[in-house]
J.: 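To start, I am sharing the structure in question, which I have written as structure tokens.
One-based numbering, in listed order, for ligands and for the atoms of each.
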Amino acid sequence: MKKKIIILPGDGIGKEVTTEGKRVLEKIAEIFGHQFEYDTALIGHDAIETTGSPLPDESLAKLKSCDAILFGAVGHPKYDNDPTLKVRPEQGLLKMRKELGLYANLRPIKLFDELLEASSIKPEILKGSDILFFRELTGDAYFGEKGRKDDGNTAYDMMIYQRYEVERIAHKAFQAARTRRKKVTSVDKANVLESSRLWRETVQLVGKQYPDVQLEHQFVDTAAMKLIQSPRSFDVVLTGNLFGDILTDEASQIAGSMGMLASASIGDAVGLYEPIHGSAHDITGKGIANPLASILSAALLLDISFGLKEESNGILEAVSNALRSGFRTADIADARTPKEKILNTRSMGDCIVEQLSLTHATVNH
Ligand code: NAD
């Protein structure tokens, strides 16, 4: 298969982890006989420093003409500590999502058995948890009318959804459920909010087209409780922008560390794949960032954008094998991890590449 992939490192540890994600993609191409062509583009703080814009036109043009994007993260302490700065790295991220029509954020929460002890939740509750979130990205209180009145003493953010926005992501969630355990839990607050009543009504109608998939509805407060109480009861979770933002961060704790979680943002064209973590200024340049979230993002890219299931599963297996062999980066190590098994960013990348070589013979091409 011949495909063009843009590597969009961004800022901070984004550069360090995408380097390893790319190396794993290169190894997969070598093993399975694919031709992946790579290019890079600027976004975030680096882009502002070089061009004045957090997402220059040249970057956007490249992103629009590729087959998939492997993104790192944006952010710099300069902006975190000065909210008055008008041009900011995260504007590049929001503009990119909007321009590429990325309306669904997929976040798989899969716990590797080897990391059961890394979570603050009891292992017997967690074991076997495997949840796929679909968070809507273009509507809700984030994009509704907002403002202040009464001399600045009253503020409002309108929570707004249009039927087509709910329909398109609901279809994606039901289609994904068909390839999994065939259950969708739609999360809303339909007992109080009109936008949630439209959400529920629309999801019910879409659900009728997927009679083989079980549909249940939960209020967001109940869902927040059940995620910790019985995470195994969830398969696909479908929810709006604000509830999804909160619930997916809550659910990240099921997997133990931010450094392990990948996400995909998809629409009707090119897909964007990124770790859920940010640019982590506190560890930037030390070479100790966990690259597994970026490597797992590369696995999602192969599966979702290119339909390369075997290749994607190969990466998951390699990560699993590395963890089973006791290898850890510092963020997922514990008191029992021997010093020699604590790897830095580069050596964890090496370890995954080596695991891939061990389990797959290179195709002759
Ligand atoms: P963060 O995710 O960057 O870091 C939170 C904590 O987790 C830090 O202690 C960090 O060292 C640790 N961590 C994160 N990823 C890790 C990894 N791969 N390996 C090991 N440890 C890891 O969140 P933050 O500190 O709140 O934000 C830092 C910057 O990132 C800010 O400028 C913020 O705006 C930006 N940010 C960007 C994105 C994005 O680009 N999608 C997302 C979140 C935050």
J.: Which atoms from ligand 1 have a heavy atom of Gly75 less than 4.0 Å away?
T.: 32 (O)
J.: Does NZ or CZ of Lys22 fall inside the cone over Tyr38's six-membered ring, less than 6.0 Å from its centre and within 45° of the axis?
T.: yes
J.: Indicate, with yes or no, if the rings of Phe36 and Phe306 have centres closer together than 6.0 Å.
T.: yes
J.: Using a strict 4.0 Å cut-off to heavy atoms of His76, name the atoms of ligand 1 that fall inside it.
T.: 32 (O)
J.: Return yes when Ala293 approaches ligand 1 closer than 4.0 angstrom through a heavy atom, no otherwise.
T.: no
J.: Atom 27 (O) of ligand 1: protein heavy atom closer than 4.0 Å?
T.: no
J.: For Ile13, state whether at least one heavy atom is located under 4.0 Å from any atom of ligand 1.
T.: yes
J.: Atom 19 (N) of ligand 1: which protein heavy atom is closest, and how many Å away?
T.: Asn290 N, 2.9 Å
J.: Does His281 come within less than 4.0 angstrom of ligand 1, counting non-hydrogen atoms of the residue?
T.: yes
J.: Any nitrogen or oxygen of Ala73, side chain or backbone, less than 3.5 Å from one on ligand 1?
T.: no
J.: Any sub-3.5 Å donor-acceptor pair from His45's side-chain atoms to His76's backbone N or O?
T.: no
J.: Taking heavy atoms and a distance under 4.0 Å, where does Val74 meet ligand 1: side chain, backbone, both or neither?
T.: both
J.: Report the nearest protein non-hydrogen atom to atom 3 (O) of ligand 1: residue, atom name, distance rounded to 0.1 Å.
T.: Ala280 N, 2.8 Å
J.: In terms of residue, atom name and distance, what is the protein heavy atom nearest to atom 10 (C) of ligand 1?
T.: Asp282 OD1, 3.4 Å
J.: Yes or no on side-chain hydrogen bond (donor to acceptor under 3.5 Å, both in side chains) for Ser129 and Lys110, after CA distance, side-chain angles and deciding distance?
T.: CA-CA 6 Å; Ser129 299; Lys110 190 169 161 46; over 6 Å; no
J.: Can Thr138 and Glu136 be counted as having a side-chain donor-acceptor contact under 3.5 angstrom?
T.: yes
J.: Should the proximity of Leu93 to ligand 1, defined as any heavy atom under 4.0 Å, be assigned to the side chain, the backbone, both, or neither?
T.: side chain
J.: Rounded to the nearest 0.5 Å, how far apart are CZ of Phe234 and CD1 of Ile131?
T.: 6.5 Å
J.: Taking 4.0 Å as the limit for heavy-atom contacts, which would you say applies to Glu274 with ligand 1: side chain only, backbone only, both, or neither?
T.: side chain
J.: Flag this pair as yes if the NZ/CZ of Arg178 is under 6.0 angstrom from the six-membered ring centre of Tyr210 and inside a 45 degree cone about the axis; otherwise no.
T.: no
J.: With backbone taken as N, CA, C and O and side chain as the heavy atoms from C-beta onward, which portion of Asp80 lies under 4.0 Å from ligand 1: side chain, backbone, both, or neither?
T.: side chain
J.: Could you tell me which atoms of ligand 1, counted from 1 in the order shown, lie closer than 4.0 angstrom to a heavy atom of Ala289?
T.: 19 (N)
J.: Classify the side-chain pair Ser279/Asp11 by whether it contains a donor and acceptor separated by less than 3.5 Å.
T.: no
J.: Verify the distance criterion only: is there a donor paired with an acceptor across the side chains of Gln218 and Glu216 at less than 3.5 Å?
T.: yes
